[in-house]
Amino acid sequence: MRCRLSREIRRQRRFAADASHELRTPIAGLRVSLEEAARHPKDTDLENLLSHALSNVDRLQAIVTDLFVLAELEASTSIGEYKTVDLAKIIQGQVYRRKDKHKISLRCRPGILVEAAPEKISRMLAELLDNAQRHAEHLVEVELTHDSRHAVLTVADDGRGIPEADRQRVFDRFIRLDEARSRDLGGTGLGLTIAHDIATAHAGTIHVEDSTLGGACFVVQLPLADPAVPTSSIGVSSNGRRGG
């Protein structure tokens with residue numbers, strides 16, 4: 001009981017520290033803009049002020065939303081209902097409704113069944129695709145296969161890759177290997193943490209390898225619900241439409 005209480009206290013402290021650390025920047029930017037406008041209302045470009053303010057509000061909202069997703073995952077309060085699902089259908093549905101900058105090459109083996117919360121698996125894939133799109137040069141590749149015990153999902157890009165020494169810490173909260181580039185490209189710094197926690201909540205694993213495309217390849221393994229999976233495969237290519 002005491003150990004559980006200590007873990008919960010540490011978790012709450014970590015949540016508070018993460019939130020205060022990352023929320024300060026957009027809040028400070030918003031305050032500076034508004035204070036400057038209040039001091040010099042006649043010299044204020046209202047359109048530019050509103051655009052800047054809304055950008056900071058959007059970032060605040062995204063960070064708060066992702067922090068609460070992580071808190072729910074850690075507390076195991078919002079995983080969702082587990083069902084036997086065909087991973088190929090979830091992957092295809094996610095890819096087809098996106099609108100992305102870079103083309104997505106998709107190869108899925110149908111009928112690979114796992115016990116999962118579909119909306120969480122979809123969110124995990126969305127985070128991996130968002131990350132790949134931010135760092136790709138021209139192409140993102142998604143593949144679903146299986147071995148004797150696991151479904152194997154890979155999301156690869158043709159970007160600069162991730163040094164081997166950094167491949168574990170990319171799943172930590174707010175880690176940005178290239179701070180300026182990551183902030184310019186958007187993202188909250190929590191997407192890979194969310195993907196990791198969702199994979200873990202499904203008794204799965206996630207790690208990073210070198211991609212055959214030249215960049216990074218994220219590999220997710222989830223336990224099979226039914227080992228009697230088909231051996232046929234389907235291949236499609238998408239121009240990667242990104243969804244809200």
Side-chain angles (χ1 to χ4, degrees), residues 51 54-55 57-59 61-63 65-66 69-70 85-110 112 116-145 151-162 166-167 170-171 174-199 206-220 222 233-244:
S51 176
L54 286 172
S55 176
V57 169
D58 286 344
R59 178 159 181 77
Q61 185 175 15
I63 292 171
T65 298
D66 282 358
V69 168
L70 284 172
V85 296
D86 185 337
L87 272 183
K89 293 181 179 179
I90 295 177
I91 293 168
Q92 289 165 353
Q94 176 64 234
V95 170
Y96 291 156
R97 64 173 173 262
R98 294 174 62 93
K99 186 176 182 181
D100 286 308
K101 177 181 178 182
H102 302 299
K103 176 183 176 181
I104 297 177
S105 173
L106 175 61
R107 293 196 298 274
C108 277
R109 195 176 291 267
I112 297 179
E119 68 282 359
K120 289 297 187 291
I121 295 297
S122 185
R123 174 67 185 266
M124 178 185 71
L125 178 58
E127 298 294 356
L128 293 176
L129 288 173
D130 286 347
N131 178 74
Q133 287 288 335
R134 278 194 292 271
H135 297 290
E137 296 291 338
H138 305 288
L139 178 65
V140 172
E141 187 174 85
V142 178
E143 184 173 9
L144 176 65
T145 58
V152 182
L153 167 66
T154 60
V155 179
D157 65 70
D158 62 350
R160 300 160 101 183
I162 299 174
D166 295 322
R167 290 179 182 177
V170 293
F171 298 108
F174 301 118
I175 288 295
R176 295 179 178 87
L177 302 184
D178 185 337
E179 185 78 11
R181 183 169 179 261
S182 295
R183 286 188 183 277
D184 289 343
L185 290 173
T188 63
L190 294 168
L192 293 180
T193 310
I194 290 173
H196 174 274
D197 285 6
I198 290 173
I206 182 171
H207 67 274
V208 188
E209 299 177 352
D210 289 325
S211 166
T212 57
L213 300 176
C217 178
F218 286 80
V219 182
V220 178
L222 300 173
S233 64
I234 55 175
V236 296
S237 181
S238 166
N239 285 329
R241 294 160 296 164
R242 182 173 183 172

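Sequence positions, counted from 1, serve as the residue numbers for this chain. Here the structure is a predicted model, which means the values were calculated and not measured.
Between His102 and His138, the ring-plane angle classifies as perpendicular under the 30° and 60° cut-offs.
Contact record, Asp157 with Ser211: O-OG, 3.4 Å, taken as the closest heavy-atom pair. The two residues Ala88 and Arg109 make their nearest non-hydrogen contact at CB-O, 3.9 Å. The shortest non-hydrogen separation linking Ile63 to Leu190 is O-CD1, 4.0 Å. Heavy-atom minimum distance, Lys103 versus Leu139: O-CD1, 3.5 Å. Across all their heavy atoms, Thr193 and Phe171 have their closest contact at OG1-O, 2.9 Å. Minimum heavy-atom separation, Gln133 to Lys101: OE1-N, 3.6 Å.
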- [ ] Start with the C-alpha gap between Leu144 and Thr154, add the side-chain angles, then the distance that decides, and say whether side-chain contact (heavy atoms from CB on, under 4.5 Å) holds.
- [x] CA-CA 7 Å; Leu144 176 65; Thr154 60; over 6 Å; no
Open item on the list: Evaluate Leu125 against Ile91 for side-chain contact (heavy atoms from CB on, under 4.5 Å), listing each step before the verdict.
Closed with: CA-CA 7 Å; Leu125 178 58; Ile91 293 168; 3.9 Å; yes
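Taking CD1 of Ile90 as the reference point, atom CD of Glu119 lies at 9.0 Å (rounded to 0.5 Å). Taking CG of Leu192 as the reference point, atom CD1 of Ile206 lies at 7.0 Å (rounded to 0.5 Å). Taking CG of Leu87 as the reference point, atom CD of Gln92 lies at 11.0 Å (rounded to 0.5 Å). With rounding to the nearest 0.5 Å, the separation of CD in Glu209 from CD1 in Ile162 is 11.5 Å. Taking NZ of Lys89 as the reference point, atom CD1 of Ile112 lies at 13.0 Å (rounded to 0.5 Å).
No side-chain heavy atom of Val170 sits less than 4.5 Å from a side-chain heavy atom of Asn131. In this structure, the side chains of Ile121 and Val85 stay at 4.5 Å or more apart for every pair of heavy atoms. Within the 4.5 Å cutoff, no side-chain heavy atoms of Leu153 are placed close to those of Thr145.
Ser55 places no side-chain N or O within 3.5 Å of a backbone atom of Ser51 that could act as its donor or acceptor partner.
For the side chain to side chain contact (heavy atoms under 4.5 Å, CB included) criterion with Glu141, the lone passing option out of Leu213, Asp158, Leu106 is Leu213.
A salt bridge links Asp210 with Arg167: at least one charged nitrogen is closer than 4.0 Å to a carboxylate oxygen. Salt-bridge check for Arg123 with Asp66: passed, with a basic side-chain N closer than 4.0 Å to an acidic carboxylate O.
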